[in-house]
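Right, one structure below, let's go through it.
A quick note: this is a predicted structure, and the numbers were derived from the prediction, not measured.
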Amino acid sequence: MPRLTLIVPAYNVQGYIGECLDSVLGQDFADFEIIGVDDCSPDGSGAILDTYAARDDRLRVLHLTENVGLGRARNAALERATGDYVLFLDSDDTLAPGSLSAIAARLDATGDPDILVYDYTRTYWDGRLLRNKRTDLMSEEGPDVFSLAERPQLLDLLQIVWNKAYRRDFVTRHGFQFPPGYYEDAPWTYSSLIAAERIAVLDRSCVLYRQRREGGNILATVSRKHFDVFDQYDRVFAFLDGRPDLDRWRPVLFRKMVDQYLTVLERPGRLPRDARAEFFHRAAKDYRARLPEGFERPAGGRGYKYALLGADSASAFFGLTRANSVRHRARLGGRARIGRAKRAALGMFYRSQLRLPVDENLAVFSAYWGRGYSCNPAAIEAELGRLAPQTRRVWAVRAEHRDRVPKGVEKVIVGSREYWAVMARAKYLTNNVNFGDTIVKRDGQIHLQTHHGTPLKTMGLDQAQYPASTDMDMEKLLRRCDRWDFSLSSNRFTTTVWERVYPCRYTTLETGYPRNDVLVNATAADVVAARRELGLADGTTAFLYMPTHREYEKAFAPRIDLSKLAEDLGPDVTLLVRGHYFYKPTGRLAELQAGGRIIDVSAHGNVEQLYLASDALITDYSSAMFDYANLDRPIVIHADDWDTYRVVRGTYFDLMAEPPGAVATDQERLTAILGSEEWRDEKAAALRAAFRERYCDYDDGRAAERVVRRVFLGEETPLPVVPLAERTPVPSPAEALAQV
């Protein structure tokens, strides 16, 4: 029987649940069990729980067949708990290192109290940490163990269940259960604290309470569900009614009840406007029914609100709150004026276009900051032309890249009059990066963010932890991300990263990456044609070398001696070299091409054609490896600066431990791999198969169609994904040449 049981319910938290579990399983105290509850979550939360459970038998997973809500999900886990103490942890929060050992030590030192209360710290998306404002209540001075009557100020803490350890036989003896609905913590926390005979505190911040920028807090949603608070206080006072010995707590709990009701009434964004008066009258009824004899109202304005509630004077109450909100509206007005000034800077023409109706049959596409026609937006644009040819499709490109748009594809130059017109009026805006800050997302427009890779390196908010890699303003980044309506993902791993590092109100579409459709659907003839375009001889082995960008390098300088590598590998090998698009063209590659066995393909407009033409990929940390894996062709990692890269940029997993193929950390080793069968032997194939299982979830060749049907045609039922085991890889160059 473990010392501690941690109960972790999960619902729509696939971007956070892994970090939560890591924080528990990585503790230096091991005598615990975790019961993870998949509350019929529609995302990948349940699958993530199962993956962790397969690796660590301290985690047991309970999959509920219907969504029952947080309270009842906790109840289901309580029935299966075996620990001496029960702790609750929300699945988007984490435990601070060393917390469980500190909790266990304090329980031992205080002789197993009914409840141990510990502290928490709020963590914000921008890196700020804010410890509980009433941390003074956590002082361990005085008796180690006490009753609530000796320290009643503990009721002034935020009444939550996840900052306490509860002795399980105490919970069982009193029959504590979580009710359904909003504010489910109130009956549990108040009832357990006033019933406990022995309480202890731990003056240590054990829980890192994530303040999600968007979502995660149902109490911040406009809903009639806030009326659930009345049922919760019915339960609190019913508990008191059954225990006359606890009557002394009625005045305290009455004040807590009234304060909670006033909070719901006063906080914007909770009650629907047409429900506020109804809520007030119901609160007034409870006030009069439960007013303790001799109760003294608080002083000042708060006490006046108590009096208005007691008199059921809704008109006076709302008149008072409207008067108090004048200053608040003034502050909002100041921000609005700043916003209007920014919009005015867009120019009279753009403003005039914004006043015109949205064109339901106009779609604008862009990629890589206007660098041309490519990536996921290009694949979606082509599929849209097939499924909805009536839609006008326009590409936004910068003037210097206008020639990269194929003939027959309509384009506008970024910054031109035509550009501002289509950006103002298009129903659909699609990009694999963010549009500029000056673009206004107007009502009726749909913004599709396709992204352009699977993240090995840290992205979004996580980059703030690696200041050497970026000087990005995270607040501005998230304001740009606020414009997204849809965000694409090619695998479950990517989904969990995007939803955490871009915490905005978009819908994730796990469709696969449209740009990878060709890597699944291409024929032998397509492979041969791609090689012919590059001038590759039939007997040539073509290695595609694609290193990624490094923040600590300002120009593309190949990290291997390409001419020596080509010479060592012999005349039957050609190196296709593609520098990252962040780097400007360099004359060095032109010099290397003189020998004929090195081809600079940095300016090639379609990287997918390079994938098809090559026999294998050589890369370091580029997201190209994830796309290329769909071909089921060999991938070789050249990682001579892995330790530097992961420190400067940060990574989401250890590429050296989970590579997609053979790994070299210097040129000598790379030459040995490529000069033998090691780049394509059974060991390399096994590594690639495991990599494909992890990162090729949804790329089955129909991603573009899924996106078009969902976003542009409004179809809600997605096309089923063909399982990886049932997909037939595109023929290799050798197989393709034999077939054609």
Side-chain angles (χ1 to χ4, degrees), residues 12 14-15 42-44 212-216 358-368 374-388 391 393-396 422-423 425-436 439-455 459-460 477-517 697-700 702-721:
N12 272 350
Q14 60 186 6
D43 68 353
R212 288 164 66 174
R213 181 175 179 271
E214 294 284 358
V358 169
D359 187 337
E360 299 289 327
N361 287 308
L362 176 59
V364 175
F365 296 85
S366 191
Y368 297 117
S374 64
C375 195
N376 292 314
I380 295 169
E381 187 267 344
E383 184 67 9
L384 181 61
R386 184 180 75 85
L387 292 177
T391 303
R393 309 180 310 281
V394 180
W395 272 82
V422 297
M423 292 302 296
R425 300 199 58 200
K427 172 74 172 182
Y428 305 99
L429 303 174
T430 300
N431 208 332
N432 69 352
V433 295
N434 274 312
F435 286 105
I439 297 302
V440 174
K441 168 71 180 302
R442 59 185 294 191
D443 290 343
Q445 286 186 317
I446 295 175
H447 186 129
L448 169 62
Q449 170 58 250
T450 74
H451 305 282
H452 54 277
T454 292
M459 299 291 290
L477 168 67
L478 292 182
R479 284 199 293 272
R480 292 190 287 269
C481 300
D482 283 335
R483 299 182 300 204
W484 303 353
D485 293 289
F486 297 101
S487 167
L488 297 194
S489 174
S490 61
N491 49 62
R492 185 172 292 117
F493 165 79
T494 297
T495 301
T496 62
V497 174
W498 288 167
E499 292 188 355
R500 183 172 51 79
V501 303
Y502 302 119
C504 304
R505 294 184 179 180
Y506 51 78
T507 297
T508 295
L509 299 181
E510 293 184 315
T511 58
Y513 275 158
R515 71 183 186 188
N516 290 337
D517 286 351
D697 300 27
Y698 310 128
D699 284 331
D700 65 350
R702 302 188 71 180
E705 183 178 356
R706 287 191 188 93
V707 174
V708 171
R709 291 190 179 280
R710 175 66 179 87
V711 177
F712 296 86
L713 302 182
E715 298 179 9
E716 294 289 340
T717 304
L719 299 170
V721 175

**Complete:** CG (Leu509) and OG (Ser487) are apart, to the nearest 0.5 Å, by 7.5 Å
**Request:** Please find out if less than 6.0 Å separates the ring center of Tyr506 from that of Trp498.
**Result:** no
**Request:** Ignoring hydrogens and angles, tell me if any N or O in the side chain of Lys427 forms a donor-acceptor pair with the backbone of Gly444 under 3.5 Å.
**Result:** yes
**Request:** Apply side chain to side chain contact (heavy atoms under 4.5 Å, CB included) to Lys441 and Phe435, showing your working.
**Result:** CA-CA 10 Å; Lys441 168 71 180 302; Phe435 286 105; over 6 Å; no
**Request:** Mind listing the closest non-hydrogen atom pair of Ala396 and Val364 along with its distance?
**Result:** CB-CG1, 4.3 Å
**Request:** Work out which heavy atom in Tyr502 is nearest to a heavy atom in Cys481; give both atom names and the distance.
**Result:** CD2-SG, 3.8 Å
**Message:** Please report the interatomic distance CG(Asn516) to CG(Asn376), rounded to the nearest 0.5 Å.
**Reply:** 7.0 Å
**Message:** Under a 3.5 Å distance rule, please check whether Asp517 uses its side chain to pair with a backbone N or O of Ala703 as donor and acceptor.
**Reply:** yes
**Message:** Contact between Asp697 and Phe493 at the side-chain level, heavy atoms closer than 4.5 Å - yes or no?
**Reply:** no
**Message:** Would you say that Thr511 contacts Phe486 through its side chain, given a criterion of any heavy-atom pair below 4.5 Å between the two side chains?
**Reply:** no
**Item:** Taking every non-hydrogen atom, the tightest pair across Ala367 and Ser374
**Value:** CB-O, 3.7 Å
**Fill in**
dist Leu719:CG -> Arg702:CZ (nearest 0.5 Å) comes out at 4.5 Å
**Message:** Could you tell me if the side chain of Arg706 sits less than 4.5 Å from the side chain of Val721, heavy atoms only?
**Reply:** yes
**Message:** Could you measure the distance from the CD atom of Gln445 to the CD1 atom of Ile439? Nearest 0.5 Å is fine.
**Reply:** 9.0 Å
**Prompt:** With respect to Arg710, which candidate in Glu716, Glu705, Glu510, Glu715 satisfies the salt bridge (Lys or Arg N to Asp or Glu O under 4.0 Å) definition?
**Reply:** Glu716
**Request:** Taking the side chain as every heavy atom from C-beta outward, state whether Asp485 and Val711 have any pair of such atoms under 4.5 Å apart.
**Result:** no
**Derivation and outcome, side chain to side chain contact (heavy atoms under 4.5 Å, CB included), residues Cys375 and Tyr368** = CA-CA 9 Å; Cys375 195; Tyr368 297 117; 3.6 Å; yes
**Message:** Show, in sequence, the C-alpha distance, side-chain angles and deciding distance for Leu477 and Asn434, and conclude whether the side chain to side chain contact (heavy atoms under 4.5 Å, CB included) test is met.
**Reply:** CA-CA 9 Å; Leu477 168 67; Asn434 274 312; 3.9 Å; yes
**Asked** Given side chains that start at C-beta, do those of His451 and Tyr513 come closer than 4.5 Å, heavy atoms only?
**Response** yes
**Prompt:** What are the two closest non-hydrogen atoms of Leu384 and Ala363, and how far apart are they?
**Reply:** CD2-CB, 4.1 Å
**Residue pairs passing the salt bridge (charged side-chain N to carboxylate O under 4.0 Å, His left out) test where at least one lies in residues 375-386, sequence neighbours excluded** = Glu381-Arg393, Glu383-Arg386
**Request:** Measure the CZ-CG distance between Arg483 and Leu429 for me, rounded to the nearest 0.5 Å.
**Result:** 9.0 Å
**Straight-line distance of Trp484 CH2 to Thr508 OG1, nearest 0.5 Å** = 9.5 Å
**Side-chain (Asp699) to main-chain (Gly512) donor-acceptor, under 3.5 angstrom** = no
**Asked** Is Asn491 close to Thr454 at the side-chain level, that is, under 4.5 Å between some pair of heavy atoms?
**Response** yes
**Request:** Please list, chain by chain and in numerical order, all residues satisfying side chain to side chain contact (heavy atoms under 4.5 Å, CB included) with Pro42, sequence neighbours excluded.
**Result:** Tyr11, Asn12
**Message:** Check the orientation of Tyr428 and Phe712. Use parallel for under 30°, tilted for 30 to 60°, and perpendicular for over 60°.
**Reply:** tilted
**Message:** Would you say that Arg709 contacts Thr717 through its side chain, given a criterion of any heavy-atom pair below 4.5 Å between the two side chains?
**Reply:** no
**Item:** Any Ile380 side-chain heavy atom under 4.5 Å of Leu448 side chain
**Value:** yes
**Item:** Heavy-atom closest contact (Pro514 atom, Leu488 atom, distance)
**Value:** CD-CD1, 3.8 Å
**Request:** Write down the atom of Val358, the atom of Asp443, and the distance for their closest heavy-atom approach.
**Result:** CG2-O, 3.8 Å
